[in-house]
Amino acid sequence: MLKLALQGMRTRWVTFIGSFIALALGVGLIATTGLALAATFSAPDRGPERLVKAPVVVKTSDLVRVDTPIGERTQTITDPAPVPVAVTAKLAALGRTVEDRTFPVSGPGLGEDTVGHPWSVAALTPCTLTDGRAPEARGEVVATGDALRPGTRVQAATPRGPEEITVVGTVASAGFENALFFTDAEAARISPDVDAVAVHAPADRVEAAVGAGFDVLTGDERRRADPDPDRDEEALVSVNALLGTAAGVTGFVSVFVVASTFSFAVAQRRREFGLLRTAGATPAQVRRMVFTEAFVIGVLASAAGCRLGAAGAPRLAAWMADAGIAPAWFRIGEQTWPLHTAFWTGLFVALSGVVVSSWRAGRVGPTEALRESAIDSRAMPVSRWLIGGAVLATGLGLLSLALLDSPGDVLKRKTYVTQPMLLIVGFALFAPVLVTPLTRLLTWLPARLPGATGMLARENTSAGVRRTAAVAAPVIITVALAASLMGTTATISEAKAGEARERITADLVATAGGEGRALPEAFVRRARAVPGVTVSATRSTGVTVLEEGVALVTSEAEAVDPAAHAAVSHLPVVAGRLADLDDDSIVVNEEWLTTKVGDRVSVWLGDGRRADLRIAAVLSTGTGGNGVYLTERNAAGAPVDRVDLALSRDGADTAAAALGAAAKATGVQLLTGDRWVEVHYPRSSENTRLGLWMILGIALVYTGIALANTLMMATSDRVRDLASLRLTGATKGQVLRLVAVEALVVVAVGAVLGAVIAGVNLLGVWSALGLLGVWSDVVVPWDTVAAVIGASALLATVASVLPASFALRVRPVELAGMRE
């Protein structure tokens, strides 16, 4: 049987090479994304960085600890309290101490995330001067890196207001932050709060001195005092989500295309199977031969795919790091399990792809097989009807269930990425019965034009249902994924922006320019002194709740003055009143477990305090941007990071000019409400766009190759048909035009089916937004869809005309006499 299989593979080498290429590339994709995904499971093991020379570091605890029935649960709070003066005095009595302060600094020539520190802390990194000298007076700083040279003057904005600083020295960049070192006295003036204390004393004595509520850090634990100590793990969260999505999409695309290719390759050989059955081969022998061929190709192609994946994964990781999607240190590890997974997946798909076709080929009788090989008389067996109906019903049922039960889940990436996959499979399974009516519809006008090309294209495409369905499959998946993913993200982003426009009624919005950076207190004071201006200062914080008694969950929260905030915003209140918010209450959204006005909820505030607060009002969930609201008293330690300003009609121009002057003097970014929404709610962020294009790019390149591969297989199998056209008097140019038109018809069929799938998916997203009370237009990525269809049409034309052109170089009589 193996010998017979190898002989068959040698005879029909074009078909088997096509199957080999499809499977090898599919396994390569799975291996590449699998290896990259595996690299996100663990971050580099870093020790302490900024306070590495400090024997002991003391800071206020930033963890909430709760005993639950399944063990202790911890959660990091957003605004840990500073180290009290009394505690710093106790520590100073134990030995030499260094007080650490960290505060934002912004200005021309400074990085977006530049921070300030006392100069005495630099010795604990350690940072040594590479040029200039240490700061000695007010306004003198030492800068990290080479961006600022000694003698440079900068008008900087700090939490205390504008400061004119002069760079007097530089130190080598530590790699984890851009810092300016002030004198200790100047740093204490700008930021009086002490964030941490480095102590030169035994740890046990330090623990006894500070008592409960403080973290005494030694060894590697000192890393918890570094800036954003969890940044590596947090950076990998988004990379893991992106690569998880990419792995799921590429895995689905690979399996879908490979299975379709193998099934088509077997279906092409019905005449051969008929001859074998006529010669006396039993159905079992035919099936064993097909499985043996699939096994040989599967092993070889899967092995080749693993080699491709091992070579491609490091290049993918390097590109992601260069593009800013992944951190600069992101590298592929030594894991081998993704290669094993890819290999066995490829082999399994290869064997699964021939199951139905081989069973059908071995089941029919010799005469029936020979007759059936001429045209596709029955497009779909009963089993395919049942499976296709079940898959399609499951996809539509899950979408309907999500809309009825939890419409917010439809807007989550995991849902809107996986939802189209079931619809793609369902429609693809029904493709053989959809192809004929679609083909006749799309070719209705061309078939009535002068000449026989349109009519022949219609009849050939309708007669070769299996061939048309197999070639259309890559186009279906390409158009459906491109339109669904890009359209859904754009639609959700547009809905969020629209929701923000309705929520923000302020004339002007002031921010520090960077995400989460504090506004200078000087701007808030000057804004409140301007006549005719209502000022609503917002402090971003967080509240933590214990959900279902086992999980600590932190929600974003904003601390506002209720009366002032009501004048600059229109919150979507569904129960209660924002005006009832006070120091003993909280405003929540509909996602909370308890949403009845008047009920009390137990929460941990941003500084770690526990509070039992009454629900004053409930907001609609919307797209997820409606968070929790508190009063300023319940956001101790959280700085003002945004100010909404409403101007009275009388003297609005004068007030706006005064606010503009205050913003310029303090380094604050002042925008109109509409402009602020445009800046902070783009249709999608740069990283999101790059990530989506990475996912789509991998899938599109593969499906493009698969499209060309399948068309070359299909065209090579039609050599005798093309020769017959030549013998009836058609010129070579006419035959090639016919082949090209047929390819375009198939692409059009696939594009229509893909568009229908994308339409269903986008309709589901639009319906979910409507059920959440956010009515937004559906954003269709016409340029992306047009580019995908155009690329598919070009590939299909070249991949069908090129092999046909080579085949037609042989005399028609010789082609017509060629054996199958």
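Note that the numbering runs from 1 along the sequence shown for the chain. Model, not experiment: these values are computed from the prediction.
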Euclidean distance, Leu398 CG relative to Leu403 CG, rounded to 0.5 Å: 11.0 Å
Rounded distance (nearest 0.5 Å) linking atom OG1 of Thr394 with atom CG of Leu423: 10.5 Å
Least distance between heavy atoms, Val760 atom then Leu399 atom: O-CD2, 4.1 Å
Atom of Cys306, atom of Ala31 and distance for their closest heavy-atom approach: CA-CB, 4.5 Å
Nearest heavy-atom neighbours spanning Thr731 and Gln734: N-OE1, 2.9 Å
Ser800 side-chain N/O to Thr797 backbone N/O, donor-acceptor pair under 3.5 Å: yes
Side-chain donor/acceptor of Ser302 to backbone N/O of Gly298, under 3.5 Å: yes
Verdict with reasoning, Leu736 to Lys732, per side-chain contact (heavy atoms from CB on, under 4.5 Å): CA-CA 6 Å; Leu736 293 180; Lys732 182 179 178 180; 4.3 Å; yes
Heavy-atom check, side chain of Phe430 versus side chain of Leu753, under 4.5 Å: no
Value rounded to 0.5 Å, distance of OG1 in Thr345 from CG in Leu23: 10.5 Å
Gap separating the CG atom of Leu434 from the CG atom of Leu441, nearest 0.5 angstrom: 12.0 Å
Trp766 side chain vs Asp777 backbone, donor-acceptor pair below 3.5 Å: no
Verdict with reasoning, Thr32 to Leu308, per side-chain contact (heavy atoms from CB on, under 4.5 Å): CA-CA 8 Å; Thr32 298; Leu308 288 174; over 6 Å; no
Spacing of CG belonging to Leu794 relative to CD1 belonging to Ile789, to within rounding of 0.5 Å: 14.0 Å
Distance in Å, Glu494 CD paired with Leu769 CG, rounded so as to fall on 0.5 Å steps: 11.0 Å
Heavy-atom side-chain proximity of Leu738 to Glu742 below 4.5 angstrom: yes
Chi angles and distances behind the side-chain contact (heavy atoms from CB on, under 4.5 Å) call for Leu392, Phe427: CA-CA 7 Å; Leu392 198 57; Phe427 274 88; 3.7 Å; yes
Smallest separation among heavy atoms of Thr33 and Ala247, with atom names: OG1-CA, 3.7 Å
Residue pair Ile476, Ile757: steps toward the side-chain contact (heavy atoms from CB on, under 4.5 Å) verdict: CA-CA 9 Å; Ile476 294 173; Ile757 295 168; 3.7 Å; yes
Thr488 (side chain) donor-acceptor with Leu485 (main chain) under 3.5 angstrom: no
Heavy-atom check, side chain of Val349 versus side chain of Val27, under 4.5 Å: no
Within 6.0 angstrom of Trp344 CH2, more than 12 heavy atoms from elsewhere: no
Non-hydrogen atoms of Pro781 and Ala482 that approach each other most closely: CG-O, 4.3 Å
Heavy-atom pair with the smallest gap, counting every atom of Val391 and Leu422: CG1-O, 3.4 Å
Thr491 (side chain) donor-acceptor with Val779 (main chain) under 3.5 angstrom: yes
